[in-house]
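A short worksheet on the structure shown next.
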Amino acid sequence: MPEKLLSRFSRASFTLPHLRFLSPRASLSLRSLHNFIAPTSQKSPLTLSRSVAAATAMDSSTSSTPCKLVLCGKSSAENEIAKSLMNNNNLKLPDNVQVSILLHSEIINKQQRQDEESFCIERFMNSLSTNRFGRLLIWSPILPSTHDVVSNNFGELPIGTVCVADVQYKGRGRSKNVWESPAGCLMFSFTIQMEDGRVVPLLQYVVSLAVTEAIKDVCDKNGLPRIDVRIKWPNDLYLNGLKVGGILSTSTYKSKKFNVSTGIGLNVDNEKPTTCLNAVLRELSAAACTLRREDIVSAFLNKFEIFYDLFINGGFQTLEELYYKTWLHRCSCSGQRVIIQEKNENQVVENVVTIQGLTSSGYLLAIGEDNQMCELHPDGNSFDFFKGLVRRKLE
């Protein structure tokens, strides 16, 4: 039962019924996931700069070039774990992708310089202040998927391990869609272990909130205008009506615990195919300062650890007020009104409901024109989250 409950929320097939927005103030740009990263089956005019040729060459079935994974720990304890992982060659990738494991300390000792556009490990570690999350970092210049690294090696890695890639060419989306991720996009995945399956579906909301608050923290720290990234239920991030990020959580159930792998993608410095944080920042400020991926990841992990403890110890209600302030679906004075198309025998009937918030199980709570409270479920078929909602009346 817990696994069935979890699969409804944390797999990529999570979708919603045919509906239209009635409130102009709450209207959304429903361009689905094309607003974030383009699917490989439908090429878009992305500029991957130095990564395109490499990504093409790195086909997992034919490439003989090992995928480089650089390990670094926050303290000597994590660095010992990193050394053990390298010596025992413990890390594996699917599809027989070859892996080359290196220690960051050895690269520094050999004075091997990273590309200036690459993720700066030292900057990340200097900004990290967590006790659990992110203390072991895996970085790669290019790899199939950060999510594959943490999920396929979950048992070998300490809980809280984070994997970051400059470019990934087999990123995952809903319904097992494959996404190309351009240079300048922040892509990372990390591990969490939970015991109560009833709250696992709510984890993606905690992650979403930590991302939006981390961006604000980085802006404040650098004296920059705050960028108002908002959460579109259940796990998309929007800025100025365009999708700039998303969250994917998957899990397995083993030894009475849920092993959760969570991946985040965020447009930081890649303006195509939609927009990115730095593009909006340049419109708001004349300052030359831009947001860096390292600062956002470390700020996210710092914030997430605080939010996660509140969530586990006090429930999602400890974060609910802040979550709704960042939510895309609620206006200041009333909720977002949508039209749900429901089948009644051989006819399609349209009903208006107003979104009120979330139910305890993580679905959308809404009220109909008859004042009947209902829970909105995704139908599992529609590509956009706000198509295919199925209404269930609440007693």
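The basis for the numbers below is simple: all heavy atoms, side chains too, and nothing from hydrogens, waters or symmetry mates.
- Atom CD of Q204 is separated from atom CD1 of I231 by 10.5 Å, given to the nearest 0.5 angstrom.
- Remark: T146 pairs with S189 by the side chain to side chain donor-acceptor pair (under 3.5 Å) rule, at least two apart or across chains.
- For the atom pair CG (L91) and CD1 (I101), the distance works out to 4.0 Å, reported to the nearest 0.5 Å.
- Looking only at side-chain heavy atoms (C-beta outward), I355 and W233 stay at 4.5 Å or farther from each other.
- L365 has its side chain within reach of M373: a pair of non-hydrogen atoms, C-beta onward, lies under 4.5 Å apart.
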side-chain contact (heavy atoms from CB on, under 4.5 Å) evaluation trace for K92 with N152: CA-CA 7 Å; K92 310 295 180 183; N152 280 270; 6.0 Å; no

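- Between C276 and L239, the shortest heavy-atom distance links the atoms O-CD2, 4.3 Å.
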Would you sort out whether D166 and I142 count as a side-chain contact (heavy atoms from CB on, under 4.5 Å), showing the intermediate values? CA-CA 6 Å; D166 289 343; I142 180 169; over 6 Å; no

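- Residues in residues 123-147 take part in these salt bridge (charged side-chain N to carboxylate O under 4.0 Å, His left out) pairs, two or more places apart or across chains: E78-R135, R123-D295, R132-E305, R132-D309.
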Which is it for L358 and F316 under the side-chain contact (heavy atoms from CB on, under 4.5 Å) test, yes or no, and what are the steps along the way? CA-CA 10 Å; L358 297 174; F316 187 70; 4.0 Å; yes

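- In this structure, I81 CD1 and L136 CG are separated by 6.5 Å, a value rounded to the nearest 0.5 Å.
- Among residues two or more places apart in sequence or in another chain, the side chain to side chain contact (heavy atoms under 4.5 Å, CB included) test is passed with L103 by L71, A82, K83, M86, S105, E106.
- Legend: salt bridge (charged side-chain N to carboxylate O under 4.0 Å, His left out) pairs involving residues 211-221, not counting sequence neighbours, sorted by first then second residue: E213-K216, D217-K303, D220-R226.
- When the side chain to side chain donor-acceptor pair (under 3.5 Å) test is applied to N79, no partner is found at least two apart in sequence or on another chain.
- The ring pair (Phe, Tyr, Trp, His ring centres under 6.0 Å) analysis of residues 336-359, with sequence neighbours excluded, yields no pairs.
- Note that NZ of K325 is 11.0 Å distant from CG of L209, once rounded to the nearest 0.5 Å.
- If you chain together ILVMFWY residues whose side-chain heavy atoms come under 4.5 Å of each other, F154 ends up grouped with I159.
- A donor-acceptor pair is defined here as one N or O able to donate and one able to accept, closer than 3.5 Å; no such pair exists between the side chain of D236 and the backbone of G246.
- Counted within 6.0 Å of CD on E195, heavy atoms from surrounding residues, nucleotides or ligands total 12 or fewer; the atom is thus considered open.
- The side chain to side chain contact (heavy atoms under 4.5 Å, CB included) search around S100 returns P66, L102, not counting sequence neighbours.
- Partners of S129 by side chain to side chain donor-acceptor pair (under 3.5 Å), not counting sequence neighbours, listed by chain and number: N302.
- Among residues two or more places apart in sequence or in another chain, the side chain to side chain contact (heavy atoms under 4.5 Å, CB included) test is passed with D228 by R230.
- Here the side chains of I264 and V211 are in contact, with some heavy-atom distance below 4.5 Å.
- When all heavy atoms are compared, the tightest approach of L69 to S140 is CD2-CB, 3.9 Å.
- Ring geometry for F304 versus F190: interplanar angle over 60°, hence perpendicular rather than tilted (30 to 60°).
- L237 pairs with exactly one of T326, I247, L328 by the side chain to side chain contact (heavy atoms under 4.5 Å, CB included) rule, that one being I247.
- In this structure, CD in Q168 is found 10.0 Å from NE2 in H147, a value given to the nearest 0.5 Å.
- Within the 4.5 Å cutoff, the side chain of L143 has heavy atoms near those of the C163 side chain.
- Between the side chain of K74 and the backbone N or O of L128, at least one donor-acceptor pair lies under 3.5 Å.
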Using side-chain contact (heavy atoms from CB on, under 4.5 Å), reason through V164 and F124 one step at a time and then give a plain yes or no. CA-CA 11 Å; V164 181; F124 165 78; over 6 Å; no

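- Aromatic ring pairs are classed by plane angle as parallel below 30°, tilted from 30° to 60° and perpendicular above 60°; the pair F133 and Y308 is perpendicular.
- Of the possible polar contacts, none joining the D95 side chain to the V97 backbone as a donor-acceptor pair under 3.5 Å is found.
- Panel note: side chain E294, backbone C120; a donor-acceptor pair is recorded below 3.5 Å.
- Q193 pairs by the side chain to side chain donor-acceptor pair (under 3.5 Å) definition with N259, not counting sequence neighbours.
- In this structure A214 satisfies the side chain to side chain contact (heavy atoms under 4.5 Å, CB included) test together with A299, F300, sequence neighbours excluded.
- Taking a cutoff of 4.0 Å between a charged side-chain nitrogen and a carboxylate oxygen, D269 and R293 do not qualify as a salt bridge.
- Of all the heavy atoms in S285 and L224, the pair that sits closest is OG-CD2, 4.5 Å.
- Partner of L85 under the side chain to side chain contact (heavy atoms under 4.5 Å, CB included) criterion, chosen from N90, N153, I138: N90.
- Note that the CZ atom of R292 and the CG atom of L277 stand 14.5 Å from one another [nearest 0.5 Å].
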